[in-house]
Protein chains: 2
Amino acid sequence: MSPQSAPQAPLSLETVFAPVRSQTAFEETVDRLGTAIKLGLLPAGERLPAERELCQKLGIARSTLRQALTALGQSGYLHAVRGRGGGTFVVDEPPRGADRSELSPTDWREICDERLAVEVGVAVLAVSRATEAQLRVLDELVVGLDDCIEDYPAYRQADVRFHVGLAELTGSSRLVVAMTQCQGRMSDLIHHIAHPPEVLAHSNAQHARLLAAIRANDVGAAVSTMTEHLQGTEHILAGLLPG
Amino acid sequence: MSPQSAPQAPLSLETVFAPVRSQTAFEETVDRLGTAIKLGLLPAGERLPAERELCQKLGIARSTLRQALTALGQSGYLHAVRGRGGGTFVVDEPPRGADRSELSPTDWREICDERLAVEVGVAVLAVSRATEAQLRVLDELVVGLDDCIEDYPAYRQADVRFHVGLAELTGSSRLVVAMTQCQGRMSDLIHHIAHPPEVLAHSNAQHARLLAAIRANDVGAAVSTMTEHLQGTEHILAGLLPG
DNA sequence: CCATAAAGGTCTGATCGTCCGTCCTCTGGC
DNA sequence: GCCAGAGGACGGACGATCAGACCTTTATGG
């Protein structure tokens, strides 16, 4: 009856009948490697495993892998070196260019919601599982972050490493994957907005408080610190994006 | 050097080069519908949309959809009725039979970790977003759950509806999907273990306390109640499964 | 009683992604 | 100068998927 023919079914049924979107192996590979590069998980200059080895790890044919590598090469993320001792390398200066955009209001909110779930879940698990050694590594990352509050791209890369590092200390690879994907989506979202040093400094202070809460085995503090931390970016997005 | 040739790379790199596992449209459809039926999201006797309509919603060809429907029919979950007024229906008594098993120790722990993330994240968001009307629906579900603590299959179905209902009131379809998948995996895990009425009663009391915490806008209580709730099943699994 | 509509059931041809294997080309080191 | 290790290129086979036309069943209404 409504002019917009609003979906009446409950969310759960909507999702059951939502489009089945199966990525091809090619697409998924481009996505996986591309995200890893953009996030800095594969640092500039890094050499990928040899094609014949990598295609086995990825469980795909070499020709399919090459399609993906070629695509990433054309986009300027990889360059191949032939001959013995060659290989495929992450380019030294990955393109900063605009990558994607066009997010609907519901999209970006859902992305933030999913991130909140993953980050809070990781924080809860980290409290009971983190070892002192692991925490010290993250301590250093926080120190490093303080040094680049004037250089956003560098800050963002270290920020990603910090959050992925949190996920790593849960020991759950599924959560690491989830965290990586969330960070990739967040990067797409926040790529174009301003990041004044004061904001980054404040954000990094929350990193430090988070680590303290984890050390103190204080689940409540960890959750609330993380929640605040995430709401920071969310408020900025709410002011800038549609919705 | 170790005899097991342990993976030395950090988790995040392992996951970047982990196998690309792209399900086919057929597989994903069987999975989607099969899970929805097993979880009770598509209740017994429910009629699915007509094939010509459903394949559009799912974004796949009708022939592919039919493969999936045929497979689910042969597994005893669906039956088709020809002629006008016919359709494809969820069977009245879906097979209880053993479905899957063979989970490695790392697998089931990671499944529980992911569930914890989703459930805790949902709980946090629910605190700020739940409306009284939505909460009352969940209240009734809790009452209904109390009535079937003697009948585990019925309890489990209502339990799933409760948890998916929590996800629904965040308004985020991504979280609904994540919750659904987690519940599906959990069902596979806990299908075969004992569920004495006392345990179910205790579990349902936690549901009630969770709703109270959400009503009171008490994030801390919601998180801790949810955490306890999940640890209940996790401890049982730890006693029964390898690892 | 027959026509029609609405549903599932069947078939076929084309396309596309992927795999596998083979061979070529380049390049540094022994 | 040979060889090993790397990327690069090609072609055939196969399977999944798609699009569409057509058939069969069945309830309903004129």
Side-chain angles (χ1 to χ4, degrees), chain A residues 17-34 36-37 42 44-92, chain B residues 16-34 37 42 44-92:
Chain A
F17 297 135
V20 158
R21 168 169 155 44
S22 46
Q23 277 184 309
T24 65
F26 161 72
E27 290 168 324
E28 196 171 337
T29 307
V30 170
D31 205 67
R32 179 94 67 83
L33 298 181
I37 295 171
L42 293 174
E46 179 90 348
R47 184 193 140 154
L48 300 190
E51 291 180 0
R52 290 171 173 81
E53 180 189 347
L54 186 50
C55 69
Q56 285 204 325
K57 283 193 187 178
L58 295 175
I60 60 180
R62 193 174 155 225
S63 44
T64 309
L65 170 63
R66 296 200 84 257
Q67 286 179 43
L69 295 180
T70 304
L72 288 167
Q74 286 176 339
S75 306
Y77 292 106
L78 293 177
H79 71 109
V81 177
R82 300 181 64 164
R84 176 171 181 151
T88 308
F89 297 84
V90 178
V91 100
D92 282 324
Chain B
V16 170
F17 297 135
V20 158
R21 171 182 129 23
S22 46
Q23 276 184 308
T24 65
F26 162 72
E27 290 168 325
E28 196 172 337
T29 306
V30 170
D31 205 66
R32 180 93 69 82
L33 298 181
I37 295 171
L42 293 174
E46 179 90 348
R47 184 193 141 154
L48 299 190
E51 290 180 0
R52 290 170 174 82
E53 180 189 347
L54 186 51
C55 69
Q56 283 205 325
K57 283 192 188 178
L58 295 175
I60 60 180
R62 192 172 157 226
S63 45
T64 309
L65 171 61
R66 296 201 84 259
Q67 285 180 43
L69 295 179
T70 303
L72 288 167
Q74 286 176 340
S75 306
Y77 292 107
L78 293 176
H79 71 109
V81 178
R82 297 181 68 165
R84 176 168 180 158
T88 309
F89 297 83
V90 177
V91 100
D92 283 325

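First the proteins, then the strands, lettered A, B, ... as listed; each starts at 1.
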Taking every heavy atom of A/Phe17 against every heavy atom of B/Pro49, the minimum-distance pair comes out as CZ-CD, 3.7 Å
To the nearest 0.5 Å, atom CD of B/Glu28 lies from atom CG of B/Leu33 at 10.5 Å
Closest non-hydrogen contact found for A/Ile60 with A/Ala25 is CG2-CB, 4.0 Å
Using a 4.0 Å heavy-atom cut-off across all strands, classify B/Ile60 as base, sugar-phosphate, or nothing. sugar-phosphate
For A/Arg32 and B/Val16, the nearest pair of non-hydrogen atoms, with its separation, is NH1-O, 2.8 Å
Notebook entry, point to check: Do other residues, nucleotides or ligands put more than 12 heavy atoms under 6.0 Å from B/Gln56 CD?
Noted result: no
Ordered by number, residues from residues 18-28 of chain A within less than 4.0 Å of DNA chain D (heavy atoms) are none
message: I'd like to check A/Val30 versus A/Tyr77 (side-chain heavy atoms, cut-off strictly below 4.5 Å). Are they in contact?
response: no
Residue pairs meeting salt bridge (charged side-chain N to carboxylate O under 4.0 Å, His left out), one or both in residues 69-83 of chain A, sequence neighbours left out, come to none
The bend of the helix from C/dC1-D/dG30 to C/dC30-D/dG1, taken between the axes of its five terminal pairs at each end and rounded to 10°, is 0°
### Task
Decide yes or no for A/Val91 and A/Leu78: does some side-chain heavy atom of the first lie under 4.5 Å from some side-chain heavy atom of the second?
no
CG (A/Leu54) and OG1 (A/Thr29) are apart, to the nearest 0.5 Å, by 8.5 Å
Span of DNA chain C engaged by chain B, first through last nucleotide within the 4.0 Å heavy-atom cut-off, is C/dA5 to C/dT10
Contact string for nucleotides 2-14 of chain D, one letter per nucleotide 5' to 3', B = base within protein heavy-atom range under 4.0 Å, S = sugar-phosphate only, - = neither, reads --BBBBBB-----
Distance col, row B/Leu58:CG vs B/Glu53:CD, nearest 0.5 angstrom, shows 10.5 Å
May I have the list of side-chain donor-acceptor pairs in residues 64-72 of chain B shorter than 3.5 Å, sequence neighbours left out?
residue : atom : partner : partner atom : Å
B/Arg66 : NE   : B/Glu51 : OE1          : 3.1
B/Arg66 : NE   : B/Glu51 : OE2          : 3.3
B/Thr70 : OG1  : B/Arg66 : O            : 2.7

